[in-house]
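In each ligand, atom 1 is the first atom listed, and ligand 1 is the first ligand listed. Count residues from 1 along the sequence.
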Amino acid sequence: MPSGNQRDLYMKWCGAVKVTEENDIIQAALQEWRKGIESMLGIQVGSEANPQGLAVAFGTFQGENPLIRRVFGEETRRKVGPEGFAIRTSEDTGCIAIGAASPAGVLYGVFHLLRLIGSLKNIEGLDEVVNPVNGLRMINHWDNFDGSVERGYAGRSFFYENNQFTGELERIRDYARLMSSVGINAIAINNVNVHALETLFISKYLPEVAGIAGVFRRYGIRLFLSVNFAGPMHEGEVGTADPLDPEVRKWWQDRAAEVYAAVPDFGGFVVKADSENRPGPFTYGRDHADGANMLAEALEPFGGLVIWRCFVYNCKQDWRDRKTDRARAAYDHFKPLDGKFNDNVILQIKNGPMDFQVREPVSPLFGALERTNQVIEFQIAQEYTGQQRHVCYLVPQWKEVLDFNTYAQGEASPVKRIVDGSLWGSRHSGIAAVSNTGNDRNWTGHLLAQANLYGYGRLAWNPELTAEAIAAEWISLTFGPDPAVSGVISRILLDSWNIYESYTAPLGVGWMINPEHHYGPNVDGYEYSQWGTYHYADHKGIGVDRTVKTGTGYSAQYIGSNAERYDSVEECPDELLLFFHHVPYTHVLHSGKTVIQHIYDTHFEGAERAAELLAAWSSLKGSIREDLYIQVEERLKEQADHAKEWRDQINTYFYRKSGIGDAGQRTIY
Ligand code: GCU
């Protein structure tokens, strides 16, 4: 809670609120404002201006609020986009005014002002127009109807339990508040792997779905559903799911009409097809444009979208086959289809070519699709980055991806400009991410994993925000303004990705985890599997040759200097060396170290630094709420122990393979 002058300043403006519109979203904004001010300043917000005649006013430009009409002229209004807002401290009219073109914009503006107060920012002299950079700012739930969450590390689903909707609309409302406070405007509520009963979400279970959509609606969020491509065959209704079959097309059109009758603002379908044993158009000799367009036609009359995932690869690969390269798959499947998708189809592309590893290159599909709507997919759930038992603040990783220059249109073609639609002028674009939430009281299991959820929303709204600024906001909003506390937590978060990387799979090669559940070290866990995930370590060297001359040719999927840099063993950045090249353990990195010494050094240091995270956290004992302190302490203890396990397994494995000792003569088993 702010104190002294700062508090007086906030009190001066925030005691009264002027709102005239009855619209549900504006009323939700009003509730948020009252709640937020009450909890941060300890005062009740009234509707009469205080003795100095000051108030906060908000509403749409079209609304009746005289203050909004007076404060914002034509010029400002023109700058405000459909979901943006203008905010101004207006001494003349005696108010801080938030005006927007839509009720959702008003809500975002109110959250903005609350955030400024929560992070002790000055609110006098405000004068800005804020628009979200990305149109679609989406969360994908991998929640199953039985209540489990695929790759969920924060308890069970709050949407479902035991093949029923939980009906916990209060919890769901809190979730919607949380999400809209960081600007999320689209949520798919079920797993992309759509099982039997979930197939009926677009028919039998529509009343329950509509209930959740109603909660979301008040917070400016559109509900999406993942659908089963073989839906038409599910109950034997149609004998095929062939996208060119008229009966199949009719089936989807009828479903779309039913869905929109129940949920008029339904967002659309998310589809995982021909991927990891899910059905898809390949069964019928059709391509993914045929499949996606069929669904797009069904949704088009209602303004719905098809979000079609590009995570398509051969998951039954023979490990002896050195030609097939999973990394190539998304590009090889989708590049030839560029320009063939309907206007309301959006391709959803994972950030990297493999699967959310701690380090992998940016997917070369970014830059390859000029005439196709696309969104990037991140994974907030820490499937491969410590499963919310280790701290791993992912915002720096996501920023690196978004800033990556694809050279698709000359020098300045970063991924973020493809994703926001500006590079190719795409009709639909944005960001999606797999949620890390569950019914754990703190939402994310590891308290510090909340920073990823918060940070994802903030970054989707504005990719120019820095990882440091986002961390600082989240810390201040969560733990209060104490700079000593903030300093410690901020260092923990900002160092965490690098620390996690240093004690796990080295130099971009990825995997080395236990099969199926994906937690903990297992260097050969996926080496002889069918999933296309290999490191090829032998007694001489390690890494995957993805070069043009001697390897899989994956490096040529990049444009210009990226392709050259990755293809060249001399120029390839150290952190991705083993992703692109097979090299001897004695290969010298740009850092001056050999690969084997790098492995030893990073693993010894990584485990030490993990232990230091715990020590740093211990310094906060007494400065933050005890229960919060303990939650994180427990997880950091596990991380410190587990990092040693990683260190010893990886170091021992490579010592035994290579026979080369550690220059530092530390203990290897
Ligand atoms: C990963 C993950 C799966 C998930 C898949 C997907 O492979 O392990 O659980 O279904 O990604 O993104 O579809």
Grab the two heavy atoms, one from Val248 and one from Pro232, that are nearest each other, plus how far apart they are. CG1-CG, 3.9 Å
Between His195 and Phe145, is the gap from one ring center to the other below 6.0 Å? no
Regarding Glu150 and Asn191, is there a side-chain donor-to-acceptor distance under 3.5 Å anywhere? yes
Can you name the closest pair of heavy atoms from Asn514 and Asn522 and give their distance? OD1-ND2, 3.1 Å
Taking only residues at least two apart or on different chains, which pairs with a member in residues 370-395 satisfy ring pair (Phe, Tyr, Trp, His ring centres under 6.0 Å)? Phe378-Trp398, Tyr384-Trp511, Tyr384-His518, His390-Tyr500, His390-Tyr503, His390-Tyr519, His390-His642
Near ligand 1 (heavy atom, under 4.0 angstrom), the protein residues are Trp142, Glu150, Arg151, Val192, Asn193, Lys272, Glu276, Arg309, Phe311, Lys350, Asp355, Glu383, Tyr384, His518
A cation-pi test, strictly: NZ or CZ of Arg255 under 6.0 Å from the centre of the six-membered ring of Phe269 and no more than 45 degrees from its axis. Yes or no? no
